[in-house]
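For reference, the structure is listed below as structure tokens.
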Amino acid sequence: MEPTKDFSLEGLTARIAESSRTISDCINQHSIPKLSLDADGPAEFPVPPTFPAVHMVRLALLEATSLLHRLVTGPSDHAMFIAASHHDTSTLRSLYRFKAFEAVPLDREIAYADVAKKIGLDEDRTTRVMQHAMTTGFSMRRSPDMWYIAEKYPEWLQTHPVDGQEPWEQGLTLAFGKKQSCFEFYDSEPEIGHRFGLAMSRLSRPGGPMDAEFVVRAFDWSSIGDATVVDVGGGRGHVSRGIATRFPNLNFIVQDYAKTLKPGEEALPSDLKTRFEFMPHDFFEPQPSNLSSRGNLAFYLRIILHDWSDKYCTKILQNLVTALEHGSMVLINESVMPPMGTVNKFFDRLGSQLIDKFVQLIYKWTKLIYRLEQESLGSPLRKRRFVASTAYRWTPFAGQVMTCCNARERTAAEFERLFKAADPRFHLVKIHQTPGSSLSILEVRFNIE
Ligand SMILES: C[S@@+](CC[C@H](N)C(=O)[O-])C[C@H]1O[C@@H](n2cnc3c(N)ncnc32)[C@H](O)[C@@H]1O
């Protein structure tokens with residue numbers, strides 16, 4: 001479906017009607033569960049990926065509905081809603097903090113007064129907070145994996161107009177009065193740290209936006225031969241486990257904070273125990289000098305660099321160098337942002353990993369890839385086969401890492417610059433992308449052009 005050109009009320013509504021019909025027809029003809037917001041309705045868009053054309057239509061429908069909403073709202077009300085949208089997140093946070101989601105049964109209605117009693121808050125404010133949350137579409141029937149929302153970020157910007165690239169230069173510092181990186185904060189607040197660990201594993205769940213299965217498919221892990229993969233900042237080792245079960249030639253060292261590693265080590269299935277080591281290691285320290293005695297090493301960093309500013313990413317990369325040999329492989333598993341304006345407007349602004357899977361198809365079909373490569377990489381890299389992984393620029397993560405970590409999501413060109421700044425011997429060889437994954441694998445080799 002061609003990008004929307006007619007932004008009039010009539011043009012957008014006609015497009016919405018047409019797209020809706022296509023989706024309904026597909027659902028009816030193939031006995032697919034109907035779209036529904038009921039508690040027992042499908043949790044995700046129910047049309048399977050085997051109907052890629054319908055997913056493109058869905059993308060067009062989301063774009064048109066989002067534009068229609070903006071059109072009808074009008075610029076000044078739209079700006080006002082954006083300015084007030086932090087109340088949406090703050091009410092959800094309140095509900096999360098008081099475990100209100102757990103207090104609402106799945107199978108029956110409950111009075112506000114009873115929720116208030118369960119969570120230990122007064123009825124009036126419980127009611128108001130819940131009602132506000134419900135206006136955002138929350139049915140109050142699921143417990144969300146909440147991310148920290150740095151409401152204090154605008155205040156930070158106002159008082160700190162120069163970016164020192166330090167990880168504590170963000171909203172959390174103002175909100176909690178502690179000059180800490182968000183990871184030091186999680187480490188000092190066990191309950192929140194635990195929640196973050198759970199959220200990370202959940203994002204990688206089967207069918208989730210960062211399904212670990214994509215890691216297995218994006219890259220031919222058998223190509224690195226008999227090797228030990230060092231999963232730097234590997235959390236509970238959940239992603240390494242997925243790779244290990246498919247590639248028996250690989251052993252794994254999972255590095256992270258001791259507290260983070262512990263539940264992963266305890267949950268490791270017995271058949272993987274001989275192939276895994278959980279090694280507490282701070283990635284701001286050089287890799288242990290005895291690591292090279294482990295034979296062929298490959299380093300793997302998944303969703304690590306996006307948590308840090310360039311200054312700190314440079315240190316993380318430089319700390320690998322003591323353990324690298326000529327030709328060593330460093331695999332960076334991250335979102336690679338496409339340039340602004342090259343994607344569907346809905347995703348430019350809002351982002352959604354759910355639809356991302358189909359955008360690869362759009363790229364293929366519309367030959368956008370070549371343009372993207374040229375625009376994002378510039379002439380020296382033009383001949384290489386780079387494929388932008390994510391179709392959206394402003395992901396929830398881009399906002400999250402900016403406001404909570406003083407960090408950033410990066411384009412392919414920004415990654416390339418980062419590798420060179422860390423050490424000119426790092427060479428970005430290829431960006432591996434699997435349709436469906438919101439993350440790419442950037443294959444970096446040490447000292448090999
Ligand atoms: C965004 S999570 C990614 C976890 C895992 N790689 C994944 O893909 O799910 C970032 C991880 O970096 C870890 N981390 C943060 N600072 C660290 C440090 N200085 N040294 C080692 N690990 C660190 C965190 O504990 C967390 O597990």
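Atoms within a ligand are numbered from 1 in the order they appear, just like the ligands themselves.
A salt bridge links Glu414 to Arg408: at least one charged side-chain nitrogen sits closer than 4.0 Å to a carboxylate oxygen. One finds no salt bridge joining Arg417 and Asp310 here, because no Lys/Arg side-chain nitrogen approaches an Asp/Glu carboxylate oxygen to under 4.0 Å.
Heavy-atom contacts of His281 reach the following atoms of ligand 1: 20 (N), 21 (C) (cutoff under 4.0 Å). Proximity to Phe284 (heavy-atom distance under 4.0 Å) selects the following atoms of ligand 1: 19 (N). Per-residue contacts place Asp282 under 4.0 angstrom from the following atoms of ligand 1 (heavy atoms of the residue considered): 18 (C), 19 (N), 20 (N). Residue-ligand proximity, Trp308 to ligand 1, at heavy-atom distances under 4.0 Å covers atoms 16 (N). Taking every non-hydrogen atom of Gly235 and a distance limit under 4.0 Å, the qualifying atoms of ligand 1 come out as 27 (O). Near Ile304, meaning under 4.0 Å from one of its heavy atoms, ligand 1 places the atoms 10 (C), 11 (C), 12 (O). Atoms of ligand 1 found under 4.0 Å from any heavy atom of Asp307 (numbered from 1 in listed order, with element): 1 (C), 10 (C). The ligand atoms of ligand 1 that sit less than 4.0 angstrom from a heavy atom of His238 are 7 (C), 9 (O).
More than 12 heavy-atom neighbours from other residues, nucleotides or ligands sit within 6.0 angstrom of NZ on Lys311.
At a 4.0 Å cut-off, not a single heavy atom of Gln255 sits close enough to ligand 1 to count as contact. Residue contacts with ligand 1: Arg236 is excluded, as none of its non-hydrogen atoms falls under 4.0 Å.
Judged by a 6.0 Å distance limit and a 45° cone about the ring axis, Lys315 is positioned over the six-membered ring of Tyr312.
At least one N or O atom of Gly233 sits closer than 3.5 Å to an N or O atom of ligand 1. Checked against a 3.5 angstrom limit, the closest N/O atoms of His306 and ligand 1 fall outside it.
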Identify all side-chain donor-acceptor contacts of residues 222-238 below 3.5 Å with residues at least two apart in sequence or on another chain.
unit_1 : atom_1 : unit_2 : atom_2 : d
Ser222 : OG     : Asp220 : OD1    : 2.5
Ser223 : OG     : Asp220 : O      : 2.6
Asp231 : OD2    : Ser240 : OG     : 2.7

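Contacts between Tyr300 and ligand 1 below 4.0 angstrom, taking non-hydrogen atoms only, are absent altogether. Residue-level proximity to ligand 1 for Phe283 is carried by backbone and side chain together, each with a heavy atom below 4.0 angstrom.
Aromatic ring centres of Phe45 and His55 lie closer together than 6.0 Å.
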Open item on the list: Walk me through whether Lys262 and Glu266 qualify under salt bridge (Lys or Arg N to Asp or Glu O under 4.0 Å).
Closed with: CA-CA 6 Å; Lys262 198 161 173 271; Glu266 287 167 359; 3.3 Å; yes
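Residues forming a side-chain hydrogen bond (donor to acceptor under 3.5 Å, both in side chains) with Asn249 (at least two apart in sequence, or on another chain): none.
Shortest non-hydrogen contact noted between Glu334 and Ile304 is OE2-N, 3.0 Å.
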